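Right, one structure below, let's go through it.
All ligand and atom numbering here is 1-based and tracks the order in the structure. Bear in mind the structure is a predicted one, so any value in this text is a computation, not a measurement.
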Amino acid sequence: MANRTDDAQAELDSVEAELEMVELQISELLEKQTKLNSRKNKLLKNLEGACSSAQPSGSSKAPKQAPFSKQDLKHYEKSDFSWSKEVQTKLSSVFQLSKFRPLQQAAINLSMSGKDLFLVMPTGRGKSLCYQLPALCSKGFTLVIAPLVSLMEDQLMSLKSNNVSAVTLNASSTKEDSKQVLAGMIDTNSPFKLLYVTPEKVAKSKLLMSKLEKAYNMGLLARIAVDEVHCCSQWGHDFRPDYKLLGILKRQFPNVPLVGLTATATSNVLKDCQKILCVQEPITLTAPFNRPNLYYEVCFKDNVDCIDQIAALIRGRYKNQSGIVYVFSQKDAEVVATDLQKKDILAQPYHANMEPADKSLVHQRWSSKKIQVVVATVAFGMGIDKADVRFVIHHTISKSIENYYQESGRAGRDDGPADCIVFFGFMDIFRISTMVVMENTGQQKLKNMIAYCQNLDRCRRAMMAIHFDEVWNDKECNQMCDICRHGNDYITMDITQHARDVVEVVEMAGSMDEKLTPLKVCDAWMGKGPAKRRKTIKVTSLSRLEVESIIIHLLLHGYFSEDFSFTPYTTYFYLKLGPKASLLKNGSHSITMKMRRVVSPATVKKVSESAGGKSSAKVEGKRPADSDNKKSVAKKVKTLP
Ligand SMILES: Nc1ncnc2c1ncn2[C@@H]1O[C@H](COP(=O)(O)OP(=O)(O)OP(=O)(O)O)[C@@H](O)[C@H]1O
């Protein structure tokens with residue numbers, strides 16, 4: 001009788017586990033269905049004539065206004081408007097530029113026609129020109145809302161170098177300056193063409209609002225530009241609530257055209273911005289996210305060799321060329337800069353904790369090529385406008401794909417070839433994870449970044465395109481990422497048993513009331529932990545790289561999850577079992593993953609050092625794939641020893 005009950009119980013457990021797996025598969029399929037539907041809708045929209053190379057769209061409140069079509073775009077790309085001659089003249093005489101980049105002319109014409117506009121353009125493509133040039137060709141002045149005083153100052157400096165009169169009103173403006181600016185706003189001779197303010201100033205200064213009111217009535221408020229417009233949505237809801245109050249501008253000055261500019265907003269973010277800014281039916285011009293001149297590459301980071309590899313690249317491939325090395329922390333900026341200096345590289349650190357004068361000195365020395373490399377935290381960002389940056393190396397991964405796109409996008413602004421390389425290190429994942437622990441979607445965004453790095457078979461641009469709501473055709477990459485250039489040099493492995501073993505390591509620690517950091521999990525699984533643990537653990541014979549890759553894979557796919565522990569001084573990251581871990585108890589559940597072929601460190605060094613001068617060098621020693629090899633490798637399913 002007892003036996004029969006046991007059997008029934010065992011069968012029930014197994015059926016329940018199977019059911020759980022089916023439910024999981026259903027939810028995965030539903031997710032896939034949603035993605036495919038969204039892709040289908042986008043393709044249909046493209047076919048219906050919405051522009052495919054640049055995708056302008058009407059407001060989400062359409063159909064009041066017909067969607068902005070390819071034809072409309074063509075119309076606004078013409079140069080036969082009443083203002084076109086002046087625009088063209090000032091493009092060359094003031095900005096010293098010979099021609100427009102994609103979408104600039106359309107954006108300028110739309111804005112000059114009085115339309116409200118959202119302009120989404122990759123970083124460094126020249127968004128500023130799209131409101132600065134119209135400002136010079138209009139009566140009165142343009143009000144520019146910018147998030148940071150330092151950003152405004154950079155803009156003012158660059159405008160000053162072109163002899164454009166622009167001013168700012170901010171907390172550090174003197175009384176005398178403020179008085180002059182406020183008087184200038186209602187002077188029909190318009191002593192300045194651009195006025196930069198922060199959102200806080202708009203929300204809090206009654207004086208400013210009343211002057212704007214007067215200027216509006218006098219027809220002197222020509223245009224409103226909201227730079228980094230995504231901040232309305234990203235920041236308006238939490239730590240910069242004044243962004244949420246910017247709607248007052250459009251409510252008070254309904255006839256003044258507004259242009260919102262951003263490099264990163266998705267369609268949902270833009271919809272939110274539209275609501276916050278009270279813009280009725282803006283036209284959205286989206287430049288393709290793709291920067292064809294940038295080559296994207298991911299290298300596995302070996303903490304011991306990483307600096308050697310980076311130094312070899314800088315001395316070889318990027319000899320005499322300017323670049324940025326992004327690091328995780330202020331301390332890393334100092335340490336990595338010193339390490340590179342020791343290797344005879346002209347590098348200096350840059351981070352938020354430095355004196356403003358020191359920061360500008362580093363910036364200046366780098367801009368004038370007195371130093372080759374800035375080793376920086378993300379504080380080195382907005383307002384950096386050096387055109388000939390040939391490489392952006394991430395010593396540590398970014399916290400999201402959007403951030404990575406933005407940071408790496410500082411390379412190749414002159415349209416010349418440039419490389420964006422990220423060093424992907426196991427331990428860095430957890431440093432960043434604890435840093436973004438308080439951010440709403442921080443962990444998910446980080447996981448997307450990890451997936452970008454862990455990816456071995458998809459065009460890097462395809463991974464990015466998802467985040468910009470774009471449908472991507474891999475052929476357009478033109479072999480400008482490591483995956484497309486060197487082929488899919490991986491093996492598909494069945495890792496089910498390994499997953500069971502490592503999950504057991506964490507489970508066992510849990511049963512002993514012990515928490516394990518990812519590093520400890522690696523060590524324990526490789527037989528390096530305390531003796532009492534080693535006795536009970538099935539020690540793996542996999543290499544360190546394989547062990548780390550499997551743990552990352554299991555974390556990304558929900559077999560592990562993060563278990564944060566907070567102290568007043570720091571946050572610790574431990575691994576715990578994830579929602580999918582129990583599936584491993586089911587005998588028929590299997591997990592596969594793509595695994596990079598192992599490369600010896602010697603190969604790594606040799607390849608990177610010999611790569612000098614060529615953007616196509618293989619840093620991590622992947623073998624170039626011929627097409628036959630690519631197929632057979634990709635299809636093979638192998639069980640690791
Ligand atoms: N038509 C053009 N031809 C050549 N260079 C241009 C053109 N338009 C702008 N640029 C240059 O491109 C660089 C970047 O411009 P800008 O700072 O406006 O970029 P951005 O899109 O605002 O970037 P970010 O997102 O970083 O703020 C500047 O050096 C600018 O002079």
Item to check | side chain to side chain donor-acceptor pair (under 3.5 Å) assessment of Ser111 paired with Arg223 | outcome: CA-CA 8 Å; Ser111 195; Arg223 199 162 280 100; 2.9 Å; yes

Checklist entry - Out of Thr198, Leu156, Asp227, which one pairs with Leu151 under the side chain to side chain contact (heavy atoms under 4.5 Å, CB included) rule? => result Asp227

Checklist entry - With no hydrogens and no angle check, is any side-chain donor or acceptor of Asn170 less than 3.5 Å from a backbone partner on Ser172? => result yes

Checklist entry - So which of Gln132, Arg413, Gln105 gets nearest to atom 26 (O) of ligand 1, if we judge by its closest heavy atom? => result Arg413

Checklist entry - Which atoms of ligand 1 have any heavy atom of Ser128 under 4.0 Å away? => result 16 (P), 17 (O), 18 (O), 22 (O)

Checklist entry - Run the ring pair (Phe, Tyr, Trp, His ring centres under 6.0 Å) check on Trp472 and Phe289 step by step: do they pass? => result CA-CA 10 Å; Trp472 179 250; Phe289 84 101; 5.6 Å; yes

Checklist entry - Would Tyr326 and His394 count as a close aromatic pair, with their ring centres under 6.0 Å? => result yes

Item to check | Among Pro102, Gly126, Cys130, closest by any non-hydrogen atom to atom 19 (O) of ligand 1 | outcome: Gly126

Item to check | Ligand-residue contact atoms, ligand 1 with Leu97, heavy atoms, under 4.0 Å | outcome: 2 (C), 3 (N), 4 (C), 5 (N), 6 (C), 7 (C), 8 (N)

Next on the checklist: Before we go on, tell me: are the rings of His230 and Phe118 under 6.0 Å apart, centre to centre?
Outcome noted: no

Checklist entry - Which of the listed options, Gln96, Gln406, Lys127, Arg101, holds the heavy atom that is closest to atom 5 (N) of ligand 1? => result Arg101

Checklist entry - Looking at Gln104, which atoms of ligand 1 are within less than 4.0 Å of one of its heavy atoms? => result 1 (N), 2 (C), 7 (C), 8 (N), 9 (C)

Item to check | Region of Met121 that comes within reach of ligand 1 [heavy atoms, distance under 4.0 Å] | outcome: neither

Checklist entry - Is a salt bridge present between Arg461 and Glu476, judged by a nitrogen-to-oxygen distance below 4.0 Å? => result no

Checklist entry - What part of Arg125, side chain, backbone, both or neither, has a heavy atom within less than 4.0 angstrom of ligand 1? => result backbone

Checklist entry - Against heavy atoms of Phe100, which atoms of ligand 1 measure under 4.0 Å? => result 1 (N)

Checklist entry - Quick one: which ligand 1 atoms are inside 4.0 Å of a heavy atom on Lys99? => result 1 (N), 2 (C), 3 (N)

